[in-house]
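Heads up: the structure comes next, in structure tokens.
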Amino acid sequence: MVALDEVVLPGDDIRDVINADETQVILGPGIRREGERIFSIKPGLLRRKDPGVYWVDSHQKRYVANRGDNIIGVVLGKAGDIFRVDIGTSEPAALSYLAFESATKKNRPNVNTGDIVYSKLLVASRDMEAELVCVDS
């Protein structure tokens, strides 16, 4: 049985800890939801803050990408139709020329090495390269 302010390990089910009567629950770093299952994805202390924010507090120095996160990254270079962007993970993410708002093959965005981009993670998996998108939404 897992409780607040206790050590959790990757794979520990924490659905029972989260209050069912809360109207909105926000899962922070270290916690993932797949279907009805809510579990820890990294080791550390399970923490809670009002109103309904849960996260795993750990001494991890590198960012772990999660789909849907808003990211500020630095463009490392261009490779064909893709920019390589450093987002603080173990490998750079890919940002396509066509992933910008109203970008076409003729109307390419003016992005250079060293520029900072604000984007959203479209694909984030430990088995695949992270993909970014810069679309207003």
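Keep in mind that what you see is a predicted model, and the values were worked out from it rather than measured. Sequence positions, counted from 1, serve as the residue numbers for this chain.
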Practice prompt. Rounded to the nearest 0.5 Å, what's the gap from CD on E131 to OG on S119? Could you check?
Written response: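 Answer for the CD-OG pair, E131 versus S119, is 11.5 Å.
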Worksheet entry | Distance in Å, S58 OG paired with L46 CG, rounded so as to fall on 0.5 Å steps | 12.0 Å
What side-chain donor-acceptor pairs closer than 3.5 Å can you find for residues 3-12, not counting sequence neighbours?
unit_1, atom_1, unit_2, atom_2, d
D5, OD1, R47, NH1, 3.0
D12, OD2, L9, N, 2.8

Decide whether [X] and [Y] are clustered together by the hydrophobic rule: side chain heavy atoms of Ile, Leu, Val, Met, Phe, Trp, Tyr closer than 4.5 Å, transitively.
| X | Y | result |
| --- | --- | --- |
| V2 | I38 | yes |
| I82 | L122 | no |
| I31 | F39 | no |

Locate the shortest heavy-atom distance separating [X] from [Y]; write the atom from each residue and the value.
| X | Y | answer |
| --- | --- | --- |
| Y118 | C134 | O-SG, 3.5 Å |
| Y97 | A103 | O-CB, 3.5 Å |
| A99 | L95 | CB-CD1, 4.0 Å |
| A65 | L121 | CB-CD1, 3.6 Å |
| V111 | K78 | O-CE, 3.0 Å |
| V17 | Y54 | O-OH, 4.2 Å |

Quick check: do [X] and [Y] have side-chain heavy atoms less than 4.5 Å from each other?
| X | Y | answer |
| --- | --- | --- |
| V117 | V75 | yes |
| I72 | I116 | yes |
| R108 | F100 | no |
| L76 | T113 | no |

Worksheet item: Listed by chain and number, what are the salt bridge (Lys or Arg N to Asp or Glu O under 4.0 Å) partners of D13, not counting sequence neighbours?
Response: R15
Worksheet item: Taking only residues two or more places apart in sequence or in another chain, which ones pass salt bridge (Lys or Arg N to Asp or Glu O under 4.0 Å) with R33?
Response: none
Worksheet item: For the side chain of N107 and the backbone of T104, is there at least one donor-acceptor N/O pair under 3.5 Å apart?
Response: no
Item to complete: For residues 36-46, pull every pair meeting side chain to side chain donor-acceptor pair (under 3.5 Å), keeping only residues two or more places apart or in separate chains.
Response: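 The answer is K42-Q60.
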Worksheet entry | For D57, side chain to side chain donor-acceptor pair (under 3.5 Å) partners two or more places apart |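 Partners of D57 by the side chain to side chain donor-acceptor pair (under 3.5 Å) criterion come out as none, since no residue qualifies.
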Discussion item. Testing D69, I87, V123 one by one against L132 for a side chain to side chain contact (heavy atoms under 4.5 Å, CB included), which residue passes?
Written reply: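 When D69, I87, V123 are each tested with L132, the side chain to side chain contact (heavy atoms under 4.5 Å, CB included) holds only for I87.
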Worksheet item: With sequence neighbours left out, what residues match E129 under side-chain contact (heavy atoms from CB on, under 4.5 Å)?
Response: R84, A94
Fill in: Heavy-atom neighbours of R67 CZ exceed 12 at 6.0 Å
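No, because the 6.0 Å sphere around CZ of R67 holds 12 heavy atoms or fewer from other groups.
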